[in-house]
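Input: a single structure, listed below in structure tokens.
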Amino acid sequence: MLLREVEYAKPESVAEALELLAANDGARALAGGQTLVNVMKARAASPDMLVDLNGLEELKGIELAGDGTLSIGAMTTYSELMSSAEAKARPILGEVAATIADVQVRNRGTIGGNVCSNDPTNHLPPLMVAVGARMTIVGAGGEREVAAEEFFLGVYLTAVGPGELLTRISIPAGKKDGFAAVTLGAEGTCICNAAASVNGAVRVALGCVDAVPVVLTAESPEEVADAVRAASLMPPSDVHASSEYRIHLAEVLATRAAQEAAGR
Amino acid sequence: MDATVTVNGTTYERDVEPRKLLIHFLRDDLDLTGSHIGCDTGNCGACSVILDGVLVKSCMLLAVQANGANIETVEGLSEDGELTPLQQAFNEHHALQCGYCTPGMLMSATALLRENPSPSEDEIKRGLQGNICRCTGYWNIVEAVKSVAK
Amino acid sequence: MTQASETTLAPAPVEVQKGWAGQSVKRKEDKRLLQGEGVFVDDIKRHGMGYLHFVRSPYAHAHITRVDVSAAEAIDGVYGTLTGEEVAALTDPFFQISSVPGANIKDFSLAVGKVRYVGEPVVAVVAETRELARDASELVEVDFEPLAAVVDARTAQDSDTPVLHDDAGGNLMWSGLYSWGDLDAAFAEADRVVKIPELHFHRFNSTPLECDGALVEFNRGVGQWTIHTNNQFPGFAAIMMGPAMKVGLDKLRFVTQDIGGGFGNKITSHPQLVVCCLLARKLNRPVQWTEWRTDFHLSMSHGNERWFQDTEVAVKDDGTLLGFRTKALDDAGAWLRYEPLGGVIWAQVTPGMYRWRHIELDFTQVATNKAPVSPNRGYSRMQHLWFTERVIDIVARELGLDPVEVRKKNYIRAEDMPYETPNGCVYDSGDYAGMLDLALELIDYGAIPAKRAEAEARGKRLGVGIGSTLDSGTNNFGQSRLINPELQFSGNNEVATVKLDIFGEIVVTLGTTPQGQGHETTAAQVVADILNCSVDDVHVRAGHDSYWNSHAGFSGTYASQFAVTGLSAVKGATDMLAAEIKKLAGAVFGGVPPEALELADGGVRIKESPDAFLPFMACGAIVNANNAGLPEDLDVTLNCRYVYRPPFEVPDVETKKGNLTLTYATQIHVAVVEIDPETGAYEIVDYAAVDDCGKRINPQIVEGQVMGATAQAIGAAIHETYEYDEDGNLLTPNFYDYHVPHALDMPPLATGALESPSPFTPLGTKGMGEGGGAGIHAVCAAIQDATGAIVTDSHNPYQRVWRLLHEAQA
């Protein structure tokens, strides 16, 4: 419950934030804090310095381009995503954000934090993969864009390297999306989840079954279950679900997400 | 590190370690013990306060992050020591037993009603979803909030 | 949608009572709690206090080979430490309730020589700030030699299983065989024997939102500790701590005010309190301890995990239950802190709500490398009542009968009350069949078939289930002798004081330690009725303070008894006060007899000539400050202390018979669940709870307890569990993985009430509050109904329900 000693910095620009992160090996970005602060309470991770990204306007804002692409600042909170008129261009975003935890968490938690922490039970990693999001990463070497499918590298591990920051997430136009989850209580932690997007074929991303979202494609929602079985998943067993039960849930939820997407 | 925080209209200036959580700052440094701690993973909401008009769990913020902010806690709800209509509704509907979750519930309900003065029952439950109660089962709390909704 | 429809049926003619009892008076406690002005233990500060952090064991089972606190103590701002070695030198092991072999274990307040569960306190560090104590604890060096862990009670007694307590010679802590009636005759008479190989009641607890804590000060001059704490049974804590610390009980002053929930889980914090006391004395400063959520889950008060093995039930084909035999195996965890009382407390409700007379239960309690078990809401009766309810539903299924009919056929009848059970307990009153009818009406039982069909059309499975339980209240502590005949406990008591202060203010103190049950309010209602004044004129002191001499050996708030013990003590003290007021007034009025006087309008007056009126203020002033001229033999202080003592005998240790509890409140719950058969995920779509706790002093407060018990039972049934891996690591050590219900998890709820007054209590009240876990039993029954599979575990998360569905299909 009590954090180890830590230094705190509040940069006034992204450039300053990057300098701080690059100059201090043990520095970490503090986004919404809804995950990181808890991790620090448990002393499971204790950065030497927290670089507070709150207040950096460059990392906020949601823009809707003429071609329907959404550009969302990494420090956009779940609440902001839910209430954004622009984000309604891709309704699944606000719908899924609304199922995350509770009002207090949604008021501070950010989409950048959610994807960068890449907890296998998070909602947004599979969703970003399913909708084909692109992540903008900025560092000393400049700016680059990484497809969501290549962004998630391992448990708690993403393509954002030391001294870098995720600044924006870009989402292509589309509306035929679905998301299905079995959670620990209403709006609780996901035991298993799946996101789907239909653009001709069905693209499904499974969460909770591996270190990173597992991507599958199928011609139709009816063929999704087969695709899941063919993926030979080996999900972890834990107190909420055995590996066998998780695989079964993955099949069911992937199908449901795909059906929802196809039905929009 | 400097933490200049306005709580319920009074401004406090303190020097705190960066690692100090906002909830501990409120309770230990400012003696505002109305906000409570019920867990260590940010799940229970007993520490909920309103910061710059936004409902947050103060156990997941550092005190230094609140530097310059305006915070409202349960102690600031009633102005003259008399119960507000929301507090009275809690009393009328037996929406508290041990009272430990109550300050957090009141802040969450306050935030909800400001944003949505006429919430449905489902909206009330969603507004309180971040606050755990072990005594009441929530039914009476929902009724209390309903009774002051417009 | 909460209907909160209160339907009250009085089974016997009851006088319409005027006055405060029976009214839903709004709570006195609320104002301070709503304004954040409650005083919970972590709110209290003392100048110079040190914050305590426990270094806890990372192993489930290990020898301690080295403890070195020097690095921690060297830090500036660290005030000091306490180790197991010091504790072993300064204190005696805690008194053990058990007979051998459990009696031989040596329980100190810090681990001595060995650790026996993950999270067990090993060293205590006290420092200037909370953070520093936490930091310094990381510098405490403890070396361990890990041992294999015992995590399954079923193999705890195998010859190759490691032993936790060498002093006990094995992991068996206590065992006892209970047998009443004639089992052979019952099984001979049976048409068939229903066999149930294994039933399992899981490990969980009530996770009060406030964890344990204390702030302890030591007064060197008089050698007395003041223990500000939220322990809910200071009477028990004192009895355990005094002998261990080798001090008289008057040296331990317990002070409580607001407590953030207890539910039984705040009874056994005495080891931690001893550590705080020793450190307060050693360091010569106040010591503050706050238990964090993870600490609580790891170490405090898990509910009894109990297996029922090789159950055989003698039944007739028409559904008549004749008797049963079973083997109850109880997993006590690493230490016996209130155990093995769980080994006899279930016997308060031996037959459940049913008329079978031939019962045998072979009870075994073992130690395992898990957190110590101690009371949890419904303590030990809940486990047994879950068992009886499972038996009913499994028998009904086997016989192809409706569980409603099997219950009604076998329920003890209202006309049988008071009813003596096979082991001599006396159920005071109740109309079980009537309550079941009301519950079924509230759930609209007749519409269930249509709802089932409608759910199936949507691809869902609907099920309905009943949970019927008793909340036995006001213990006869003599039952402890059935555990250990050497014990010298029996009966029960509670104290209250009521006085008229010098200005006529009515002041009440209670021996109890409420954690939200509204004692201040209900006590005021009882007092106001007797003194014929307003509840607003009655000031009830918040909390317990043993310095006020308003406590007795069994003082505290636990075991569903306040409405009997606490309120009867209040009644007794107030009756005494009322009599004294009349005596005083009689003397002041020049020799008027008490029958001619009445209390009204904030004073006392002559009935026939009401102008002769003495306000309470005058009474108080005369006795306290203006007493010259009063008759010499006038025996009046207007400061009355009353000890309520329920009528009990010591139970018979040979036959294990006797009345173990004074009152029996009844709970009948019905749950309707809807299962998603593809995932096993389910929700409760409708719920009814009918409660009978005799005369209700404050119906709204009673209903609040019913609701709270329902919510906790639902949580336990679906999500809440303390599960361990094979190395003894707790997999649910915080609210992230141990999911308790939130607002969106709650079903619609309809409540109903009956009042069957207890003939045995001064106010006709029965203790209530724990409930009997009826929600768990109802959900299990509903899942069985929906899936067609036999439910054998009290805990049914989605995964288990999915497996049950597949079993049933196979």
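Just so it is clear: chains get the letters A, B, ... in the order the sequence lines come, proteins before strands, and each one is counted from 1. These numbers were taken from a predicted model, which means no experiment stands behind them.
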Revision key, fill the gap. Between A:Met1 and B:Cys59 the two heavy atoms that sit nearest each other are CE-CB, 4.3 Å
Check your understanding: Do A:Gln34 side-chain atoms and B:Lys57 backbone N/O form a donor-acceptor pair below 3.5 Å?
Key -> no
**Study point:** Under 4.5 Å from a heavy atom of chain B, the part of A:Leu30 involved
**Key:** side chain
**Study point:** Gap separating the CG atom of B:Asp52 from the CG atom of A:Asn107, nearest 0.5 angstrom
**Key:** 12.0 Å
Check your understanding: So with a 6.0 Å cut-off around CG of B:Asp2, is the heavy-atom count from everything else above 12?
Key -> yes
Review point. Do you know which of B:Val64, B:Ile37, B:Val54, B:Asn131 has the most heavy-atom pairs under 4.5 Å to chain A?
Key: B:Val64
Review point. Just wondering, more than 12 heavy atoms not from B:Glu115 lying within 6.0 Å of its CD?
Key: no
Check your understanding: Can you find a heavy atom in the side chain of A:Lys10 that is under 4.5 Å from one in the side chain of B:Asn67?
Key -> no
Review point. When you look at B:Leu62 and A:Asp52, which way does the side-chain contact (heavy atoms from CB on, under 4.5 Å) test go after all the steps?
Key: CA-CA 10 Å; B:Leu62 308 175; A:Asp52 191 350; over 6 Å; no
**Study point:** Contact summary for B:Leu21 and A:Leu3, nearest pair of heavy atoms
**Key:** CD2-CD1, 3.9 Å
Check your understanding: Taking B:Arg19, B:Gln65, B:Arg126 one by one, which has the highest count of heavy-atom pairs under 4.5 Å against chain A?
Key -> B:Arg19
Point to revise | Contacting moiety of B:Leu112, where chain A heavy atoms sit under 4.5 Å | key: neither
Exercise for review: Identify which part of B:Leu128 has an atom lying under 4.5 Å from any heavy atom of chain A, answering side chain, backbone, both or neither.
Suggested key: neither
Point to revise | Side chain / backbone / both / neither for B:Cys39 at chain A, heavy atoms under 4.5 Å | key: backbone
Check your understanding: Looking only at heavy atoms, what is the nearest atom pair of B:Met60 and A:Val37, with distance?
Key -> O-CG2, 3.6 Å
Practice item. Mark yes or no for whether A:Asp102, through its side chain, and B:Gln129, through its backbone, hold a donor-acceptor pair below 3.5 Å. Key: no
Review point. If you look at every heavy atom in B:Ser108 and A:Gln104, which pair is closest and at what distance?
Key: OG-NE2, 3.3 Å
